[in-house]
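Presented below is the structure to which this report refers.
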There are 4 protein chains.
Amino acid sequence: MSPASVPTDTPPKRERRKQARPGELLEAALALFVEKGFAATRVEEVAARAGVSKGTLFLYFPSKEELFKAVVRENTGRVLAEGLRDVAGYTGSSADLVREAMRRWWTQYGGTPAAGLTKLMVSESANFPDLARYFQQEVIQPCHALMRGVVSRGIERQEFRPVDLAMVAQLMVAPLVQMVSWRFSMAPCTPDGQMPDPMALVNLHAEMIVRGLRRDDAPSPAAP
Amino acid sequence: MSPASVPTDTPPKRERRKQARPGELLEAALALFVEKGFAATRVEEVAARAGVSKGTLFLYFPSKEELFKAVVRENTGRVLAEGLRDVAGYTGSSADLVREAMRRWWTQYGGTPAAGLTKLMVSESANFPDLARYFQQEVIQPCHALMRGVVSRGIERQEFRPVDLAMVAQLMVAPLVQMVSWRFSMAPCTPDGQMPDPMALVNLHAEMIVRGLRRDDAPSPAAP
Amino acid sequence: MSPASVPTDTPPKRERRKQARPGELLEAALALFVEKGFAATRVEEVAARAGVSKGTLFLYFPSKEELFKAVVRENTGRVLAEGLRDVAGYTGSSADLVREAMRRWWTQYGGTPAAGLTKLMVSESANFPDLARYFQQEVIQPCHALMRGVVSRGIERQEFRPVDLAMVAQLMVAPLVQMVSWRFSMAPCTPDGQMPDPMALVNLHAEMIVRGLRRDDAPSPAAP
Amino acid sequence: MSPASVPTDTPPKRERRKQARPGELLEAALALFVEKGFAATRVEEVAARAGVSKGTLFLYFPSKEELFKAVVRENTGRVLAEGLRDVAGYTGSSADLVREAMRRWWTQYGGTPAAGLTKLMVSESANFPDLARYFQQEVIQPCHALMRGVVSRGIERQEFRPVDLAMVAQLMVAPLVQMVSWRFSMAPCTPDGQMPDPMALVNLHAEMIVRGLRRDDAPSPAAP
DNA sequence: TATGAATGAGACTTCATTCAT
DNA sequence: TATGAATGAAGTCTCATTCAT
C-alpha cells in the first residue's frame, strides 16, 4: 500500500515557497512598520526578516508604498465579523456582555500581531490619508458600532442608564486601544515589573465601565 | 515704583528674532514631527515653517537628531508641576477632584500643541529608546502618580472603594491620551460632524470613573 | 536513387522548434535592439517576443552582450555577395547599372529587417567599438567598394566624367542609408501622408546621381 | 576715481557658477547622450563631465528624463532662422544658392556639437516619441522647407528643371545628415586616413545636386 | 530542454550636512 | 548671523543572470 508513486499533491518546494512569500513578506513588513514606522524601515530589512533578498520583495510588491498598502489591507477587517454575530445572539446580562466583548477584543485582536496596525495607522495617518480613512471605515467604525450595540442593548433592557452611545463607545474602546499602542511602543522600553497583566487590566476596565453604566436605582451588586 | 516691570528697552527686532529662533524652530519641528514622523520630516520643511533657511537650522542644532531631542526635552515636564501642587492642597470631594484633574489635564496639556509629543513618542519609541525612557520618567510616571494620588486620597477618605491604584490610574489616563492621539492622527481625516466635543467627552469620562470608583454602599447620587 | 535528397522524415515539431530557437531569438533581438537600443531593451522582452522564457535565452546565448554580437554577425555580410558578382558581369550602360544597383540595394537590403542593423550600429558604435569596426569592414566598405566599382566602370567606359570615387560612393550610399535610418526611427512617428514612396525616392536618387556623373559633353538625354 | 566701492556688478563666484551650471550640464549631457545613448549614459558621468557631483545635477533637473528633454529643447531650433532669411534675400544664381545653403548647413549646424542631436533623435525616437515628433516639427520640417524653397526658386527662374520638391529636398539633406551621423558614430572608429574632408564632400554633393537639377537644355557649364 | 523564482550589483534619486559667500 | 549651492552616503528600484525544479 501507499506506493511511492502516489503523488499526494504536494507542490514542489519552489512552488510552495512562492505561495508563501507574500504572506511572509507582509508579516515581516507589518512587524517592522509597526516598530519603526514606514519611512524608517528599509525594504531590505523587510526582505531579510522574511528570509529573502531585496529583489524578491519587488517580485511581489511593485513598491514600498504598495507593500504598505497591502499590509494595511491584509490586516484590516475580518476582526469583528464574529464579534458582531455574537452580540446579536447573546442571551445573558448586558454587564456580562460588556465583559465578554472586551475580553474578546483583547484576545482576538489586541493581543495579536495584527493589532500593531492600530499603532501604525495612528503614526502614519498624515502620510497616508487615504489609508487612514479606509482604516476608519473598515476597523474603527465597526468596532465603535459594536460597542454602541452592546450599550444600546443594556439601555433597552433597562440594565444600563441612558447615556450618549457614541461617547461611551469611545470610552470603552480607548483603554483597549491604548493598551495596544503601549504594547507596541513604550512596553519594550519598560522594565518588566512595571507592566500590569493585560487581562487583569481588561477585566478592571470592563468592571469600571459596567459600574459607570449601572442605573442609579440598581441594587448594590456583589462586586466580583 | 516697580521699575522691574518696565520693559525698559525692547531689544531691536533683529536681536529679538535671534533669541526667538530656536523657539520657532522647535515649534515648527514639533508640529512636523508629530504630523509626519521623524524620518518623513525634512529639515528643510522645518526651517521653512520657522521662516529660516536650511543652513540656519544647523546653526542652532547640530543635527536633525539633536533637534528631535531638543523638541522632546522642550515639551517635557513643566506640565504637571502645578497639577501635583493643586492635588495636595485640594479640599473638596474626591469625586470633584477627579473631575477637576481630568478637565485640567485636557485644558492644560491635552488640548495644547505640546500634547503632540505624546503621539510622537508612541510613534518613535523604537527609534529613540533613550528618549522613550526619558519621556516615561518625566511625563508618564508623574502623570500616573498624580492620578494614583487622587484615587488614593478618595480611598483613604472612604469616598472610593479600594482598587488597584496603578491599574485605575492607567484607565483614567488612557482615554485622555487616546483623545490626544486621535487629535493628531485620525481627526484631520475625519468628517467634522463625527467628532464629539472633547470637553464633553472628558466630562463623561470623569463621570464614568467616579461611578466606577464609588463605594458599593454609597447613597444613590444626584447624577450631574 | 539519390535517397539523400529525400526529406524522408520531417523532424518532430519539438525538434524543429529547438533548431529554430536561436533564429527566432536573433530575429526578436534584432527588432528590439533596433527599435529601442541595446541598453533599453530587456532580455525578457526579447525572450517574450521569441515566445520563450527568459531562462531559455541564456541557454543559447551566454549573455546579453553575446546576443548582441550574434545579432550583428547574423545580419552582416551575405548582402553584397551577389551584388558584386552582378556588377562584374553587367553588360548594359553604366547609367542603367547605377539605377539597378540602387534599386537592388533597397529591395534586397534597405527594405528588409536586416537593414535595421545599420541604424543599430550607428546608435551603438561608441558602446561596441569592436563591432563597429567589424561592421565597417564587413558591410560598409564592401558596399562602398561596390559603388566605386560601378562609377569606375562608367568612367573607364567614358560614360561618366571623372570624379573622386570615394566621395561619390559616399554620396550614392548616403540617401539610401538615410532612408533606412528614417524607416526605423522617425517614420513610425510620422503621419502616413508625409512619407514618400521609397522606390520613387530611390529612382529619383539614381537619376540625380546619373545626371551628376554625366559628362559635360554628353548629348541631351531623354529624361525618364 | 574708480573708488573701491564701485560694485562693478560682478556676481560672487558661487552665484556665477549657479548661472553657468545648467548650461554646463546640458553640454555634458548632450555629448554623452549622443555618444552612448540615453539608457547607457549614467547621470553620474554627466555630472562628472560637467565638473559637479551627482546631487548637483538634480538641483537643476528633476530627473534624468527631464535632463534629456532639456537637452533636446536646448539644441533645437535657432538653427535655421537666418538660413531662411538669407534664402529670401538672395540675388545670385540658384546653383550658387544651393552651394551656399549646403556649405552653411555644415558650417553652422552639421559641424557643431548641436548636430549630435540629430544622431541622438534617430537613436532614441522610439523611446521618446513625443520628442521625436517635436524634433521633426522644429528641425526637420523647417530644414526641408528651406531646401524646397531653394529648389523652387530655381525652377521658377527656369534655372532648374521641374522636379518633385519634397523628394529632392530629402536627397539634398540626406548626405548632410549622413555625414553628421557618421561624425558621431563610425568616425571615431575609423582610421584617420580614410575620412574624406567634410567640406570637400559638401562641395561635391552640392555640385552633384546642381547638375542633377540642371535643365536638359542648359548650355554646357564650365565645371568648377 | 525549458521554466521562472530568486539574487544582488548597479542605477536613479533624496536629503542631511557642509561651507563659501 | 544667515544663506542656499554643493556634496555624497544611503535608500528605492531594475534587470541581467543563475539555478532548482
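Numbers restart at 1 for each chain; the letters A, B, ... are given by sequence-line order, proteins then strands. Since we're looking at a predicted model, the values are computed, not measured.
At distances below 3.5 Å, not a single donor-acceptor pair connects side-chain atoms of B/Glu124 with backbone N or O atoms of B/Met121. Formation of a donor-acceptor pair under 3.5 Å by the B/Asn127 side chain with backbone atoms of A/Lys36 is found in this model.
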**OP:** Tell me, with the steps shown, if D/Tyr60 and D/Thr56 meet side chain to side chain contact (heavy atoms under 4.5 Å, CB included).
**Re:** CA-CA 7 Å; D/Tyr60 296 96; D/Thr56 302; 3.8 Å; yes

**OP:** Please report the C-alpha distance between C/Leu67 and C/Leu26 in whole Å, then the side-chain angles of each, then the deciding distance to 0.1 Å, and finally whether the side chain to side chain contact (heavy atoms under 4.5 Å, CB included) criterion is met.
**Re:** CA-CA 7 Å; C/Leu67 171 63; C/Leu26 287 169; 4.1 Å; yes

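Residue C/Glu66 places its CD atom among more than 12 non-hydrogen atoms of other residues, nucleotides or ligands, all under 6.0 Å distant.
C/Phe38 and C/Phe68 have perpendicular rings, their planes meeting at more than 60° on a 0 to 90° scale where under 30° would count as parallel.
In the region residues 24-48 of chain D, proximity to DNA chain F at under 4.0 angstrom, judged on heavy atoms, holds for none of the residues. Only D/Leu59, D/Tyr60, listed by number, bring a heavy atom of residues 58-71 of chain D to less than 4.0 angstrom from any atom of DNA chain F.
Looking at residues two or more places apart in sequence or on another chain, you find no side chain to side chain contact (heavy atoms under 4.5 Å, CB included) involving A/Glu27. Remark: D/Ala28 engages D/Val46, D/Arg49, D/Ala50 in a side chain to side chain contact (heavy atoms under 4.5 Å, CB included) (not counting sequence neighbours). Scanning for side-chain hydrogen bond (donor to acceptor under 3.5 Å, both in side chains) contacts around B/Glu65 gives an empty result, with sequence neighbours left out.
With values rounded to the nearest 0.5 angstrom, A/Leu25 atom CG is found 11.5 Å from A/Glu74 atom CD.
Neither OP1 nor OP2 of E/dA6 sits under 4.0 Å from any side-chain N or O of A/Thr56.
Along DNA chain E, the nucleotide closest to D/Gly55 and the one closest to C/Ser53 are compared, and the more 5′ of them pairs with C/Ser53.
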Original post:
Once Watson-Crick and G-U wobble pairs under 3.5 Å are found, how is DNA chain E written in dot-bracket notation, 5' to 3', with | for any base paired to another strand?
Top reply: .||||||||||||||||||||

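Atom CG in D/Leu57 sits roughly 11 Å away from atom C1' in E/dT13 (whole-Å rounding).
With hydrogens and angles left out, the side chain of D/Lys54 and the base of E/dG10 share no donor-acceptor pair within 3.5 Å.
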